[in-house]
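Reading through the structure tokens given below for one structure.
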Amino acid sequence: MEQAIVSVVGAGLAGSEAAFQLARRGVRVRLYEMRPVRMTQAHRTGLFAELVCSNSLRNASLETAVGVLKEEMRRLGSLVMSAAAAAAVPAGAALAVDRDQFAGAITAALQREPLVEIVREEVTSIPSAPAIIATGPLTGAALSQALSELIGSRHLYFYDAIAPIVAANSIDMTVAFKASRYGKGGDDYINCPMTEAEYAAFVDAVLAAQKVPAHPFERTIYFEGCMPIEELARRGPKTLAFGPMRPVGLTDPRTGRRPAAVVQLRQDDREGRLYNMVGFQTKMTYPEQRRVLRTIPGLHNAQFVRFGSLHRNTFIDSPRLLTPALSLRARPDIFLAGQMIGVEGYVESAAAGLLAAINAARMVSGAEMIAPPPVTALGSLIAYITDQSRRDFQPMNANFGLMPELDGRLRGRAKKTELASRALSAIDAWIARYRLAIQPPVTAAA
Ligand SMILES: Cc1cc2nc3c(=O)[nH]c(=O)nc-3n(C[C@H](O)[C@H](O)[C@H](O)COP(=O)(O)OP(=O)(O)OC[C@H]3O[C@@H](n4cnc5c(N)ncnc54)[C@H](O)[C@@H]3O)c2cc1C
């Protein structure tokens with residue numbers, strides 16, 4: 001019988017990792033990459049796994065979830081992690097790389113793989129299955145159209161508008177209060193009330209804060225309904241108070257009066273550990289978000305699980321479309337991976353490619369589909385993005401807030417160490433149970 005070939009579309013972070021993993025699991029791969037024949041608005045080279053912006057793969061320490069995710073990937077034989085180690089540059093607590101060496105090493109490694117056939121062309125329709133589609137946040141018009149016909153246009157998004165998420169236990173409930181506007185919907189929201197003076201100072205702080213500059217291709221991004229708070233503040237001193245911060249239908253139990261403005265937070269996970277700041281998408285830089293948003297009454301000690309942002313980003317409504325194995329519910333032989341499934345970041349994208357490849361390889365050999373345990377960094381992220389109860393889906397990065405709580409009362413560093421060690425024991429057990437170990441890649445700098 002002829003051996004199945006898995007099509008992998010896009011040799012970015014996710015597609016490169018996926019192609020390598022498939023090949024090392026004995027599966028033939030046809031890897032399509034359109035660069036340099038056709039470029040995206042952000043890429044500059046024809047190299048695989050080009051880093052389009054920062055050269056950092058973020059924190060390296062096991063006291064962060066993204067550090068744990070990287071370690072899980074190493075244990076699964078990740079090509080991206082191996083290339084990053086070979087191309088690392090000094091960067092303190094972060095894992096940063098020489099971008100050309102990094103992408104060069106990945107390109108060379110895939111060119112050396114006997115089971116990988118590389119096709120440099122743009123894919124404009126859904127490829128023959130089994131397939132992994134990993135064309136990234138800047139997927140072009142033709143393939144987007146084909147995808148939208150496959151999954152339904154209402155499930156395909158072209159921008160993300162991410163509001164910050166706060167750890168519930170860091171909100172000061174002696175200041176904030178639970179209520180819904182006009183009592184409709186019970187106590188679903190946490191409300192942070194502001195006086196006139198606090199509101200005016202907040203608007204000034206938002207206007208003065210440093211912002212992330214938009215890429216030229218993002219200039220047309222703002223549309224009503226997902227306007228960043230600084231753009232609303234710029235339109236007039238009262239605009240926010242008539243928009244996401246409107247206080248109507250709410251009474252502050254401490255004063256018995258309606259506040260001048262409120263910031264509302266809505267529960268973001270089943271367990272009620274995470275709350276997102278409703279309508280607070282923003283392009284303030286991360287340090288500025290931490291500083292400015294902590295001036296909000298009730299949020300003075302807020303721990304931010306995710307910061308806000310606003311990007312050009314092609315992604316799908318994963319909670320409705322994807323299985324935890326990263327295949328489409330309606331087409332189990334088509335997998336999606338990378339930023340387009342609503343994970344956020346280079347490392348998360350590559351990790352998604354790795355998981356999609358494990359399952360595509362298992363499909364080819366007739367084995368059951370699998371997902372990593374939810375106590376792992378990868379498993380908790382996948383559980384979040386494929387949680388069918390989730391509405392208003394927006395992309396997510398790896399973080400400890402997604403993992404199930406520990407028993408006991410550990411805090412701070414001790415808690416992070418325990419979460420990390422639980423995750424790594426679980427990934428080891430998962431690898432052993434399904435025999436997922438592969439020969440680790442050897443990647444010399446290109
Ligand atoms: C402008 C910008 C800046 C970003 N900066 C950062 C950052 O600093 N740090 C961070 O962690 N994350 C960042 N991200 C988010 C994300 O981590 C990266 O976009 C990451 O590269 C996503 O990996 P991916 O594999 O999903 O997509 P990509 O790495 O973009 O890979 C997709 C690949 O598919 C190819 N392709 C696309 N369409 C087709 C087609 N039809 N046929 C064949 N090939 C095709 C592309 O050429 C590309 O090589 C940024 C995103 C953008 C858009």
Side-chain angles (χ1 to χ4, degrees), residues 7-20 30-59 66 69-70 79-80 84 94-97 99 102-103 106-107 110 118-127 131-147 158-160 162 212-219 221 283 285-286 307 309-316 326 335-357 395-398:
S7 317
V8 176
V9 188
L13 274 301
S16 298
E17 184 69 57
F20 177 81
R30 190 164 293 140
L31 175 60
Y32 294 91
E33 172 52 57
M34 67 179 185
R35 291 177 295 117
V37 183
R38 182 164 183 164
M39 302 298 281
T40 75
Q41 299 105 319
H43 290 84
R44 296 281 165 269
T45 74
L47 294 172
F48 296 165
E50 178 183 334
L51 302 177
V52 286
C53 187
S54 161
N55 67 331
S56 170
L57 274 62
R58 315 213 304 282
N59 205 302
V66 75
L69 180 59
K70 287 196 274 282
L79 171 63
V80 166
L95 171 59
V97 298
R99 63 180 72 239
F102 170 76
I106 289 177
T107 310
L110 286 168
I118 294 167
V119 183
R120 294 273 187 177
E121 69 182 35
E122 181 182 6
V123 172
T124 54
S125 56
I126 302 300
I132 299 177
I133 302 176
T135 45
L138 304 174
T139 297
L143 190 60
S144 292
Q145 178 59 34
L147 199 55
F158 295 99
Y159 295 98
D160 59 38
I162 295 181
V212 180
H215 293 274
F217 57 87
E218 292 182 325
R219 292 270 152 76
I221 193 171
K283 285 189 83 95
T285 63
Y286 288 0
F307 284 107
S309 62
L310 211 72
H311 290 124
R312 162 78 176 82
N313 189 3
T314 310
F315 68 104
I316 64 161
L326 304 188
F335 295 80
L336 271 76
Q339 183 98 357
M340 64 192 322
I341 65 168
V343 295
E344 172 80 19
Y346 298 145
V347 180
E348 287 85 345
S349 295
L354 201 161
L355 178 60
M396 182 50 99
N397 51 262

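Quick caveat: nothing in here was measured; it's all calculated off a predicted structure. First listed ligand is number 1; within each ligand, the first listed atom is number 1.
For the residue pair M340 and T139, the shortest heavy atom distance occurs at CE-OG1, 3.8 Å.
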Side chain to side chain contact (heavy atoms under 4.5 Å, CB included) between H43 and M34, worked out: CA-CA 11 Å; H43 290 84; M34 67 179 185; over 6 Å; no
CA sep, side-chain torsions, deciding dist, call: L110, L79, side chain to side chain contact (heavy atoms under 4.5 Å, CB included): CA-CA 9 Å; L110 286 168; L79 171 63; 4.1 Å; yes
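Counting heavy atoms under 4.0 Å from ligand 1, residue V123 touches it through both backbone and side chain. The side chain of S349, and not its backbone, has at least one atom closer than 4.0 Å to an atom of ligand 1 (non-hydrogen atoms only; side chain from C-beta on). At a heavy-atom cutoff of 4.0 Å, ligand 1 is contacted by the backbone of A134 but not by its side chain.
Using a 4.0 Å heavy-atom cutoff, E121 is listed among the residues neighbouring ligand 1.
Interface of L13 with ligand 1, defined as ligand atoms under 4.0 Å from a residue heavy atom, comprises 21 (O), 23 (O), 25 (O), 29 (O). For ligand 1, the atoms sitting less than 4.0 Å from at least one non-hydrogen atom of Q339 are 15 (C), 16 (C), 17 (O), 22 (C), 26 (O), numbered in the order shown with element in parentheses. If you number the atoms of ligand 1 from 1 as listed, the ones under 4.0 Å from a heavy atom of A14 come out as 25 (O).
Geometrically, ligand 1 and E122 share no nitrogen or oxygen pair separated by less than 3.5 Å.
Distances from atom 2 (C) of ligand 1 to the heavy atoms of L336, V52, T124 show the closest one on V52. Nearest to atom 11 (O) of ligand 1 by heavy atom, out of F315, Y346, F48, is Y346.
Judged purely by distance below 3.5 Å, without hydrogens or angles, the side chains of R38 and T40 never pair a donor atom with an acceptor atom.
Side-chain contact between I133 and I126 is present, with heavy atoms from C-beta onward closer than 4.5 Å.
Rounded to the nearest 0.5 Å, atoms OG1 (T107) and CG (L47) are 4.5 Å apart.
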